Structure formats: structure tokens, C-alpha cells
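Note that the structure is predicted; figures quoted are calculated from it, not measured. Counting begins at 1 with the first residue of the sequence.
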Amino acid sequence: MGAEEEDGNVRVTQKNNSFLVKFFSVSYLLIFDRSLTVLVTENRDDDDDDDDDAGEELFSWHDISVNHFDLVHRMTRILMLIPDKLCTACRISAENIPDETGEFLLNLVSKLYDECIEEGINKNYPNSFVSVISDLREQFRDLTFGFVNRDIDQNEIEEFLNRCQPIFNVAVLIADWGHSELLHLQRHRIFSANAFDKLFDLCSKLYDRNLLSDYRELSGRNELFNEV
């Protein structure tokens with residue numbers, strides 16, 4: 001069984017028990033067995049479809065099962081908060097009010113990160129998932145130090161949001177599509193009838209949901225507000 005569809009921005013291919021998604025500069029290979037594995041790689045310049053000759057691996061999540069839905073879904077919510085919290089923290093810092101650096105907003109996100117990591121460890125989530133989230137937490141801590149010291153680097157913020165994007169995409173792919181397909185496979189030993197179309201539609205929506213673009217748009221609104 002195989003299928004392929006492309007709209008110029010998003011390309012989705014199905015081969016047996018795997019789905020390959022490509023948009024922007026990243027490929028997402030979703031492999032179903034009794035659990036779900038997602039391999040995230042940089043797209044090759046020659047757009048080669050050979051999975052064994054893919055670009056450099058960015059990260060991977062292994063052995064994600066239906067029991068892991070909660071924290072994966074929670075990560076989508078945490079990552080969606082970040083552009084707004086960073087933008088608002090920047091605005092607060094720019095006001096130069098004593099003891100108001102915007103750090104407290106970032107600490108709220110950090111608390112959510114820490115709770116997610118702690119629960120993942122306590123509930124024996126796959127190490128590949130926990131390690132990726134932990135690395136992102138450390139990078140977010142480095143950004144927070146910049147706010148504490150009033151030494152905010154916009155380039156670092158944008159680089160961080162770019163690093164968040166593939167993780168956000170994978171979390172959404174699993175939470176909004178992979179979870180239901182795993183359940184369907186367990187019950188019926190086959191994908192749902194419209195699994196491919198649902199994945200393609202979801203990826204097309206993900207193409208338009210970019211964390212860095214959200215941050216830039218919010219920052220632009222703040223600048224307009226400050227000019228009034």
C-alpha cells in the first residue's frame with residue numbers, strides 16, 4: 001500500500017506502515033509497529049526519497065505508545081505559550097522598571113517544563129522523549145538568564161524558537177493524529193480509512209503554524225501599541 005500527495009508546501013508519502021512528511025527544511029518519518037517511532041531529519045538538497053539516505057538526524061522519539069499521549073499533548077500546549085510569554089517579557093524588560101525583568105513570565109513556562117520532565121521520568125516515558133524535552137528546558141533556562149541580567153539577545157530568541165518548531169510539529173503529529181491511528185491499529189490491525197488524508201490536512205495546517213512567525217507578529221503588535 002502506498003500513497004503520495006503534495007501541494008507545493010507539504011509533501012506526504014505513505015509506504016506500508018510508515019508515513020514520510022516533508023515541509024520547510026525538515027522531514028518527519030513516522031513508523032508504526034506496536035508503538036510509534038518518529039525520526040526527524042534535515043531535508044536533503046536533492047529531495048531524495050530514499051529513507052536510508054536521509055539528511056542529518058535532528059532528533060528522534062522511539063516507542064511512543066497510546067499510554068504516552070498525555071505528556072506529548074501537554075508539550076504542544078507549553079510550546080504554544082512560548083512566543084507570547086517571550087514577547088510580553090521583552091516588553092516588560094524594555095520598560096526598565098526596577099525588579100521587573102519579565103523573568104516571572106518565563107518562570108511560569110519553566111515550571112510547566114519541569115513538571116512535564118518529572119512526570120515523564122516518574123512514569124517511565126521513553127528516554128528519547130524525556131531527553132529532547134530536557135535539552136529544550138536547558139536552552140530555555142539560558143534565555144531566562146538573559147532576561148534576569150537585562151541582556152536579551154533577539155537572535156538567541158529566534159534561534160530557540162526555530163529549535164522548538166520541529167519538536168512542536170512532532171508533538172502535534174502524535175497528539176492530533178498518531179494517537180488515534182495507534183488506537184485504530186490496535187483494535188482493527190489497519191489504519192483508519194482516511195488516515196492519509198487526515199495526516200495531509202494536519203500537516204498543511206502545521207505549515208501555517210510557525211512559532212517564530214507568531215513571535216514576530218506579536219512583537220510587531222507591541223511596537224505599534226507603544227507608538228500610540
Are Glu115 and Arg74 close enough for a salt bridge, meaning some N to O gap below 4.0 Å? no
Smallest separation among heavy atoms of Val172 and Thr76, with atom names: N-CG2, 3.7 Å
Compute whether any side-chain donor of one residue and acceptor of the other, for Glu181 and Ser192, lie under 3.5 angstrom apart. yes
I need the Ser18 OG to Asn16 CG distance, nearest 0.5 Å. 6.5 Å
Is there a side-chain contact between Cys116 and Met75 (heavy atoms, below 4.5 Å)? yes
Could you tell me how the ring of Trp61 sits relative to the ring of Phe59: parallel (under 30°), tilted (30 to 60°) or perpendicular (over 60°)? tilted
Taking the side chain as every heavy atom from C-beta outward, state whether Arg137 and Ser110 have any atom pair closer than 4.5 Å. yes
When you compare the side chains of Glu118 and Tyr113, does any donor N or O come within less than 3.5 Å of an acceptor on the partner? no
Is there a donor-acceptor pair under 3.5 Å between the side chain of His73 and the backbone N or O of Asp70? no
State yes or no: are the ring centers of Trp177 and Phe191 separated by less than 6.0 Å? no
Audit row: Val26, Asn169, side-chain contact (heavy atoms from CB on, under 4.5 Å) steps and yes/no: CA-CA 10 Å; Val26 179; Asn169 290 343; over 6 Å; no
Where the side chain of His184 meets the backbone of Ile190, is there a donor-acceptor pair that is under 3.5 Å apart? yes
Evaluate Ser35 against Ile64 for side-chain contact (heavy atoms from CB on, under 4.5 Å), listing each step before the verdict. CA-CA 5 Å; Ser35 59; Ile64 301 295; 5.8 Å; no
d(Ile78 CD1, Leu136 CG) to nearest 0.5 Å is 9.5 Å
Any donor-acceptor pair under 3.5 Å from Ser219 side chain to Tyr215 backbone: yes
Parallel under 30°, tilted from 30 to 60°, perpendicular over 60°: which one fits the rings of Phe23 and Tyr207? perpendicular
Does one hydrophobic cluster hold both Phe129 and Ile121, with members joined at side-chain heavy-atom distances below 4.5 Å? yes
Is there a donor-acceptor pair closer than 3.5 Å between any side-chain N or O of Asn210 and the backbone N or O of Ser213? yes
Strictly distance-based, threshold 3.5 Å: is any side-chain N or O of Arg150 a donor or acceptor partner for the main-chain N or O of Ser93? yes
Value for CD1 (Ile82) from CZ (Arg77), rounded to nearest 0.5 Å, stands at 13.0 Å
Minimum heavy-atom separation for Val72 and Ala171, please, with both atom names. CG1-O, 3.5 Å
Could you state the interatomic distance from OG1 (Thr41) to CD (Glu56), rounded to the nearest 0.5 Å? 9.5 Å
Indicate the atoms forming the closest heavy-atom contact of Gly102 with Ile92, along with that distance. N-CG2, 3.7 Å
Can Leu212 be reached from Leu143 by stepping across I, L, V, M, F, W or Y side chains whose heavy atoms are under 4.5 Å apart? yes
Can a donor-acceptor pair be found, under 3.5 Å and without considering hydrogens, that links the side chain of Gln165 to the backbone of Leu211? yes
For Arg209, is there an ion pair with Asp214 - N to carboxylate O distance below 4.0 angstrom? yes
Please check: side-chain N/O of Asp151 versus main-chain N/O of Gly146, any donor-acceptor pairing under 3.5 Å? no
For the pair Asn17 (side chain) and Asp33 (backbone), establish whether a donor and an acceptor sit closer than 3.5 Å, ignoring hydrogens and angles. no
On a heavy-atom basis, which atom in Pro166 and which in Arg163 lie closest, and how many Å separate them? CD-O, 3.4 Å
Between the side chain of Asp153 and the main-chain N/O of Glu156, is any donor-acceptor distance below 3.5 Å? yes
Using only heavy-atom distances, determine whether the side chains of Glu159 and Asn155 contain a donor-acceptor pair under 3.5 Å. no
Tell me the closest heavy-atom pair linking Gly178 and Phe32, and the distance in Å. O-CE2, 4.0 Å
Do the charged groups of Glu5 and Arg11 touch, with an N to O distance under 4.0 Å? no
Start with the C-alpha gap between Asp7 and Ser204, add the side-chain angles, then the distance that decides, and say whether side-chain contact (heavy atoms from CB on, under 4.5 Å) holds. CA-CA 9 Å; Asp7 69 356; Ser204 297; 3.7 Å; yes
Between CG on residue Leu183 and NE2 on residue His188, distance to nearest 0.5 Å: 9.5 Å
Atom CG of residue position Asn124 - does it have more than 12 heavy atoms of other residues, nucleotides or ligands inside 6.0 Å? no
Hey, could you give me the NE2/CG distance between His62 and Asn127, rounded to the nearest 0.5 Å? 10.0 Å
For Tyr125 and Asn67 the tightest heavy-atom approach is OH-O, 3.6 Å
Check against ring-ring contact (aromatic ring centres under 6.0 Å, His included), Phe19 and Tyr28: CA-CA 8 Å; Phe19 294 79; Tyr28 306 85; over 10 Å; no
Keeping Ser131 on the side-chain end and Ser128 on the backbone end, is there a donor-acceptor pair under 3.5 Å? yes
